[in-house]
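Heads up: the structure comes next, in structure tokens.
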Amino acid sequence: MTAGTLSASGARISGDDYQHLFAWCLTLQALQTESEIAALGVEDPAAGNVDDVTLYPRQGRARYYQVKFSVDASQLVNVQWLT
């Protein structure tokens, strides 16, 4: 491992931390008066392959978020990378 890089487990923990931070931001939005958010899911088993964060609004369809984290920005994380 070179200086400035993370081990595989370190990268995984950082990615999980980032995913939880994203979910926490949505949680704070859900607590606001007049919020349309009814519930949130993290690693939601009902979400299939897009299970990172699921937002369930009071009305309408659920929104699914794949939350990705780049350790060193050496590779662009985009739709092409995901597919």
Side-chain angles (χ1 to χ4, degrees):
M1 189 163 64
T2 61
T5 62
L6 292 176
S7 67
S9 61
R12 170 62 194 257
I13 290 168
S14 294
D16 286 348
D17 287 348
Y18 185 72
Q19 178 178 304
H20 294 149
L21 180 61
F22 181 86
W24 180 244
C25 288
L26 291 177
T27 301
L28 293 175
Q29 289 178 25
L31 294 173
Q32 298 297 308
T33 306
E34 308 293 326
S35 173
E36 293 299 317
I37 301 172
L40 294 166
V42 176
E43 299 294 332
D44 188 349
N49 291 333
V50 287
D51 66 344
D52 286 355
V53 178
T54 309
L55 184 149
Y56 295 98
R58 296 187 194 290
Q59 295 181 0
R61 300 177 72 177
R63 287 183 284 207
Y64 305 97
Y65 298 93
Q66 280 301 106
V67 181
K68 299 302 175 204
F69 176 81
S70 178
V71 173
D72 60 12
S74 64
Q75 185 175 8
L76 183 63
V77 177
N78 58 17
V79 173
Q80 183 178 4
W81 180 84
L82 284 169
T83 58

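Rounding to the nearest 0.5 angstrom, the gap separating the CZ atom in Phe69 from the CG atom in Asp52 is 14.0 Å.
Closest approach of Lys68 to Tyr18, counting heavy atoms only: O-CE2, 3.4 Å. What you find for Pro57 and Leu55 is that their closest heavy atoms are CD-O, 3.5 Å. Across Asn78 and Trp81, no two heavy atoms sit closer than the pair OD1-N, 2.9 Å.
Follow the hydrophobic side-chain contacts under 4.5 Å out from Val67 and you reach Leu40 in the same cluster.
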Side-chain donor-acceptor pairs of residues 20-35 under 3.5 Å, sequence neighbours excluded:
unit_1, atom_1, unit_2, atom_2, d
His20, ND1, Asp16, O, 3.1
Thr27, OG1, Ala23, O, 2.8
Gln32, NE2, Leu28, O, 3.4
Ser35, OG, Gln29, O, 3.3
Ser35, OG, Ile37, N, 3.1

For Asp51 and Gln66, run side chain to side chain contact (heavy atoms under 4.5 Å, CB included): C-alpha distance rounded to whole Å, both residues' side-chain angles, the deciding distance at 0.1 Å, then the answer. CA-CA 7 Å; Asp51 66 344; Gln66 280 301 106; 4.2 Å; yes
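Listed by chain and number, the residues in a ring pair (Phe, Tyr, Trp, His ring centres under 6.0 Å) with Tyr64 amount to none (sequence neighbours excluded).
Counting non-hydrogen atoms of other residues, nucleotides and ligands closer than 6.0 Å to CZ of Arg61 gives a total of 12 or fewer.
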